[in-house]
There are 2 protein chains.
Amino acid sequence: MTTASTSAPRWLTDEEQRVWRAYLHATTLLEDHFDRQLQRDAGMPHTYYGLLVQLSQAPRRRMRMTELARNAKITRSRLSHAIARLEKNGWVRREDCPSDKRGQNAVLTDDGLAMLRRSAPGHVEAVRQAMFDRLTDEQVRSLGEIMRTLATGLEPEGTDADLPWLR
Amino acid sequence: MTTASTSAPRWLTDEEQRVWRAYLHATTLLEDHFDRQLQRDAGMPHTYYGLLVQLSQAPRRRMRMTELARNAKITRSRLSHAIARLEKNGWVRREDCPSDKRGQNAVLTDDGLAMLRRSAPGHVEAVRQAMFDRLTDEQVRSLGEIMRTLATGLEPEGTDADLPWLR
DNA sequence: TCTATCTAGTTCAACTTTCAAGAAAAGGTC
DNA sequence: GACCTTTTCTTGAAAGTTGAACTAGATAGA
């Protein structure tokens, strides 16, 4: 008999534990670092900044809410609150979707774009300093492959998976 | 003249952009994944679970608040709230530090240890499924090195750095 | 000693995120 | 069309986090 719930747990090896710990430390510190950098220089957390970046790269600087949530890997609820806040700042506005009356488009305003242009150089520099300047080309390549693998693992093709933007 | 604020920004290359995006996607999905797994199976977010793990591995199952914050890479404020919540659950209790009257020890209770033993197998399994089962040995090794490098970069030896637990 | 400064930890208010519930439109089936 | 289900997005309350202010005790220098 070997069901998941009763079989002996496959504990992590010493190396795996060290890697897992290092992963948690690094990601926690990096998130804290960029949140602070952007709160200071752009007046918003990193997640919100990422939303503006997405919008700035979308055709006509606008995107359907669910699509934006999918790109950002967050729930629609979280996105609703975030967009409400960014709207209050004047960096985004909402717009009814012409083809689907349930739908909303989030639109990056001129002010939003300006804010983005102002803060982008500083943020890119911070990303460089904290990440790319510290890794060899080979490590960057490897990190990309690893992260793509892990992300794909959590959002498989077919998908009955519990994805944030479908919740 | 080449000051940080006026020189042309060193934008990310296409590959760097892809790696950065993949990093954000993977870490966001992983955090969401483990937070949900632990909220479901242990009734607490991943950060809180990590605190119990730390305490369980500390001598006499206790640790000074600031020390715990340093290990978890979080602020003392955040830790105060977290411990208050865990105390309400009966999994941790506070204890005055004998040698420093300002100090507090967070102590893992028997109930806390029991809860940890109950939920550890499921969590380890989740970590395996989402991370280690998907990577080659070489990738695991590489990930460890990369994450150690990035973490060290944000908390250098000497240190005038803006570290969460010193704020 | 007296005083200034620093460290440990907590607290409050503001902000962000989650979770569950709900309104409104779309899509499918008979 | 009438009915049921699904999709889209929002809301409100509870939980978690942040940043600044604060208390109390430790530390160091005159």
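Quick caveat, the model's predicted, so the values are computed rather than measured. Below, chain A is the first sequence line, B the second, and so on; all start at residue 1.
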Asks: Given C:dT16, D:dG16, D:dT10, identify the nucleotide with an atom nearest to the side chain of A:Y48.
Replies: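 Comparing C:dT16, D:dG16, D:dT10 against the side chain of A:Y48, the answer is C:dT16.
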Asks: Between C1' on D:dT5 and CG on A:L166, what's the gap in Å once rounded to a whole number?
Replies: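 Result: 16 Å.
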Asks: In whole angstroms, how far is the P atom of D:dT17 from the CD1 atom of B:I83?
Replies: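 To the nearest whole Å, that distance equals 12 Å.
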Asks: Whole-Å distance between C:dT18 C1' and B:M44 CE?
Replies: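 Atom CE in B:M44 sits about 17 Å away from atom C1' in C:dT18.
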Asks: For A:K88 and D:dT10, give me the distance from atom NZ to atom P, rounded to whole Å.
Replies: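 After rounding, the gap between these two atoms is 14 Å.
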Asks: Relative to the 5' end of DNA chain D, which residue comes earlier, B:G43 or A:D100, by the nucleotide with the nearest heavy atom?
Replies: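 The answer here is A:D100.
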Asks: Rounded off to whole Å, could you give me the CG-to-P distance for the B:L79 and C:dA8 pair?
Replies: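 Taking atom P of C:dA8 as the reference, CG of B:L79 is at 13 Å.
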Asks: Can you tell me if B:T27 and A:T27 form a side-chain donor-acceptor pair at under 3.5 Å?
Replies: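 No, no side-chain donor-acceptor contact under 3.5 Å.
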Asks: When the nearest nucleotide of DNA chain C is assigned to A:R85 and to B:R102 on a heavy-atom basis, which residue is associated with the more 5' position?
Replies: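 Nearest nucleotide further toward 5': that of B:R102.
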Asks: Are the side chains of B:N71 and B:M63 in touch, meaning some heavy atoms are under 4.5 Å apart?
Replies: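 Contact flag for B:N71/B:M63 side chains = yes.
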Asks: So, is B:T66 near the phosphate of C:dG9, with a side-chain N or O under 4.0 Å from OP1 or OP2?
Replies: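 B:T66 to C:dG9 OP1/OP2: side-chain N or O found under 4.0 Å.
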Asks: Taking only the side-chain heavy atoms of B:H81 (C-beta and beyond), determine which of C:dT11, D:dT10, C:dG9 contains the nearest atom.
Replies: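 The nucleotide sitting nearest to the side chain is C:dT11.
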Asks: Which one, D:dT8, C:dT17, C:dT10, comes nearest to the side chain of B:R94?
Replies: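 The closest nucleotide is C:dT10.
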Asks: Of A:G103 and A:D32, whose closest DNA chain D nucleotide lies nearer the 5' terminus?
Replies: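 That would be A:G103.
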Asks: So which nucleotide from D:dG19, D:dT10, D:dA26 ends up closest to the side chain of A:Q104?
Replies: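 Of the candidates, D:dT10 comes closest.
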Asks: For the pair made of CH2 in B:W165 and P in C:dG9, what is the distance, rounded to whole Å?
Replies: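 One finds 15 Å between P of C:dG9 and CH2 of B:W165, rounded.
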Asks: Between A:K101 and B:R76, name the one whose nearest nucleotide on DNA chain C is closer to the 5' end.
Replies: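 Result of the comparison: B:R76.
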Asks: Is the base of C:dT16 touched by the side chain of A:T47 through a donor-acceptor pair closer than 3.5 angstrom?
Replies: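 A donor-acceptor contact between them is absent.
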Asks: Got B:P164 and A:D32 here, is their nearest side-chain heavy-atom distance under 4.5 Å?
Replies: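 B:P164 vs A:D32: side chains touch.
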Asks: Counting neighbours of CZ on B:R40 that are heavy atoms of other residues, nucleotides or ligands and sit closer than 6.0 Å, is the number greater than 12?
Replies: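 Yes, CZ of B:R40 has more than 12 neighbouring heavy atoms, counting only those of other groups under 6.0 Å.
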Asks: How many whole angstroms separate atom CZ of B:R36 from atom P of C:dT18?
Replies: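 Distance, rounded to whole Å: 9 Å.
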Asks: Once you round it to whole Å, what is the distance between C1' of C:dA20 and CZ of B:R40?
Replies: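 Distance check: B:R40 CZ to C:dA20 C1' gives 18 Å.
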Asks: Can you find a side chain N or O atom of A:R78 that sits less than 4.0 Å from OP1 or OP2 on C:dT18?
Replies: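 Checking C:dT18 against A:R78, a side-chain N or O does come within under 4.0 Å of OP1 or OP2.
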Asks: Do B:H46 and B:D35 come close enough that some side-chain heavy atom pair is under 4.5 Å?
Replies: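 Yes, their side chains come closer than 4.5 Å.
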Asks: Looking at every strand, decide which applies to B:D35 at a 4.0 Å heavy-atom threshold: base, sugar-phosphate, or nothing.
Replies: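 Touches nothing.
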Asks: Do B:S77 side-chain and D:dG19 base share a donor-acceptor contact under 3.5 Å?
Replies: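 Such a pair is found, so the answer is yes.
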Asks: Among C:dT10, D:dG19, D:dC9, which is the nearest nucleotide to the side chain of B:S80?
Replies: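 Minimum distance to the B:S80 side chain belongs to C:dT10.
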Asks: What are the two closest heavy atoms between B:S56 and B:V53, and how far apart are they?
Replies: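 Heavy-atom minimum between the residues: OG-O, 2.7 Å.
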